[in-house]
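All figures in this text were calculated on a predicted structure; none of them were measured in a lab. All ligand and atom numbering here is 1-based and tracks the order in the structure.
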Amino acid sequence: MDIKKRINELTDEVNYHNYLYYVLEDPVISDFEFDKLLKELSVLEEKYPEYARADSPTKRVGGEPVDKFSQITHHIPMLSLDNTYSKDDVIEFDRKVKRFLNFPADKDIEYECELKFDGLAIELIYEDGLFTVGSTRGDGVTGEDVTKNLKTIKTIPLKLLNIEDVEQARQAGQTGQKRQEIYKMNKPLKYIEVRGEVLMDKKAFKKLNEQRLKDNMPLFANPRNAAAGSIRQLDSKITSERNLVMFAYGIGEYSEELKFSTQFELMQKLKLLGFNINKETKIAKNINEALDYYEDIAARRESFSFDIDGVVIKLNDIKFQEKLGELSKTPRWATAYKFLAKQATTVIKDIIVSVGRTGVLTPVAVLNPVIVGGVEVQRATLHNQDEIVRKNINIGDTVLVERSGDVIPEVVKVVKKAGIVDSKDSDYKSGEDIGGRGDYFKIPNICPCCGSVTVIDGAAIRCVNELACPCQIKASIVHFASKRAMDIDGLGEMLVDKFVENKLIKTVADIYYLHFEKENIEKLEGFGKKSIENLLNSIEKSKNIAYDRFIFALGIRHVGEYVAFLLIKYFKDIEGIKNASIEDLNSKFGIGEEIAKSIYNFFRLKSNLDVISKLFAAGVNPHTVISEKIGQGNVSPLYGKHFLFTGTLKNFNRDAAENIIKEKGAIAEKTVKKSLDYVVVGEEPGSKYAKAIKSGLKIISEDEFIKLLNE
Ligand code: IVH
């Protein structure tokens, strides 16, 4: 065998499939086949290192750590963008552009709109088609050489494709073998500097921080810091594990074979060269369409898998861009229209400690109200004692708070310690010795709700008075009545508080005896006859419930909806679960020892069994959808099937879709695996979709899913 030739072929092939998978999201071979090619290449390279190419995909895994980064001066400075939060400023930007170009004010001028990625700006240099140097933006003039780290990012091509060939192949709709020829026919572009942003996916960020918490390492405040930290890593092996992505949005110097006359065309060419271009990149016929683009993106902001902080509006015509030129730091031909900040600074007025359903004490900061991302925020979670120590937080401190999605706002860091004189940059660094009042808040070692002792349980501090702690009782009743459990409409936190405080409810079972207390309820403030009637009706309605939701509602520690479903599937009903030994629980469906023990212990406590008996005595009637249907010889075609949902469905939210299939005895999975029977794809599916295609799984649309449900 001609080893050199084979190494060449494999390098081209793997790089090409990498592009299909990560950039075009249109893979043509399975993971298995891909791994096989990569494996063959790395075995050959190990034996014959002299033939290994500079653009070999095996180089992506990271190499020897470096001591420090060298400095790189950008050939053309990397500018920043003028930015605004106001619509009027954007309209003014359009007026100025037209004035500059001597354009009539009422004539349309075309813009190209992009997402404003909230990551780290970088520049990549390609010489004769090969990636040679990659650097951070730095101060715009000089950055750091982070080539090795950037090589580990799969959306950064190690070798450029040939524009004409790719275009031809795509137009001809060729697939498979023929498209693989593209790499071989490559006549590389002589020189180009490509600019873009490196980002960390929100999910990868969450996972990374969870791991760091376990490893006792400082957490990253947000995905941007995590991406920047990963790129400025001296050990590129660590970077390679960080799941970073890169989106290209511009260029620096380039050789003249590259031709384009608009910003949009440039982006298409970059895509053909192998770069990742975000699919939200659009043309706006005039500034009004650009404003619509902003509204559309702002509304969908949270649905992106990575953080964005606005949109960028760029003049589309390159000749016009050149005419307008640049100011010292920003171009005149573009502007960033940013979303309202998701972060703001404020003072912690107080720290209260709340007690949850499982007795965990959670510290919550009471803030001087502040507007964050257009919403007033009064409280922020401080998570646990470790987090308070790590961030050195106490009452009176000035802190940076952040809101992301609809999750509870969070304290990111202390900006200024209470009683501490402003430091130069007023940026307090966690762990710094500041003396005096720099101490942190200590969670009390007795339960603030019932006064009983607490124990340390991992990162949590827990009240041990499970059965008699009013806070735990309230929280478990709220859980029981919640939408995903018994779904008792109207029985929320406020009512539960009132009922518990007035001793109308002591356990969840008492909910079903409230109709005897009508008169007492009427005496409570804010209750009319009608509202009591409504509440009692929804309580009555909840008695008929699917068995797994009933199990979930009981609030057994570690038993979420899925475990509850499995318990019913394997043990049929309460009796079955109660009689199961730890080994039964463990072996039946592979739940961990800890969950098995928790279930077993729950059914050994007399107080829990009493509550269950009382619920049944009151007429709560959980039904096993699956077994009833089996008994009637009427099994749903979905029974036992494994489903995965990806993307946004039009007719259901994710929970609802999963609940429906579970009620029919199907299993809702969260990850792509071979055992899946159906992958239901909604709008804007994520990477799971690409993976599912690659794995050759059965993919169905929402309409097909609905048909299946009705069968
Ligand atoms: S264009 C001359 N496009 O925003 C134009 N920048 O405030 C310079 N950014 O440093 C950049 N998304 O890190 C451009 N679609 C996008 C962008 C973008 C994010 C960042 C970039 C830059 C900063 C400027």
task: Might you point out which heavy atoms bring Gln321 and Trp333 nearest each other, and give the distance in Å?
output: O-CD1, 3.4 Å
statement: Per-atom filter on ligand 1: closer than 4.0 angstrom to a heavy atom of Arg137 are 10 (O)
task: Determine, for Arg95 against Glu92, whether the closest basic-nitrogen to carboxylate-oxygen distance falls under 4.0 angstrom.
output: yes
message: Looking at Glu257 and Lys190, is there a salt bridge between them, counting it only when a charged N and a carboxylate O are closer than 4.0 Å?
response: no
- line: ligand 1 to Ser80, heavy atom cutoff 4.0 Å, flagged ligand atoms 7 (O), 24 (C)
field: Nearest neighbour in protein (non-hydrogen) for atom 8 (C) of ligand 1
entry: Leu79 O, 3.6 Å
- prompt: Between Tyr249, Phe117, Phe247, which one has a non-hydrogen atom sitting closest to atom 11 (C) of ligand 1?
  reply: Tyr249
- request: Would you mind listing which atoms of ligand 1 come within a distance below 4.0 Å of any non-hydrogen atom of Pro331?
  value: 2 (C)
message: Counting only heavy atoms closer than 4.0 Å, does ligand 1 sit against the backbone of Leu81, its side chain, both, or neither?
response: both
statement: Of all protein heavy atoms, the one nearest atom 13 (O) of ligand 1 is Glu197 OE1, 2.7 Å
query: Any N/O of Trp333 closer than 3.5 Å to an N/O of ligand 1?
result: no
task: Identify whether the distance between the nearest side-chain nitrogen and carboxylate oxygen of Lys282 and Asp292 falls below 4.0 Å.
output: no
- prompt: For the residue pair Phe320 and Phe103, does the interplanar ring angle fall in the parallel (under 30°), tilted (30 to 60°) or perpendicular (over 60°) class?
  reply: perpendicular
query: Heavy-atom contact under 4.0 Å between Leu115 and ligand 1?
result: yes
message: Once you measure the plane-to-plane angle for Tyr126 and Phe275, does it fall in the parallel (<30°), tilted (30-60°) or perpendicular (>60°) bin?
response: perpendicular
- line: ligand 1 to Lys314, heavy atom cutoff 4.0 Å, flagged ligand atoms 1 (S), 3 (N), 14 (C)
- request: Could you check atom 23 (C) of ligand 1 against the protein and tell me its nearest heavy-atom contact, residue, atom and distance included?
  value: Lys116 NZ, 3.9 Å
- prompt: When you measure from the side chain of Arg60 to the backbone N and O of Ile153, does any donor-acceptor pair fall under 3.5 Å?
  reply: yes
- line: Within 4.0 Å of some non-hydrogen atom of Glu114, the atoms of ligand 1 are 3 (N), 15 (N), 16 (C)
query: For the ring pair Tyr111 and Tyr293, is the centre-to-centre distance below 6.0 Å?
result: no
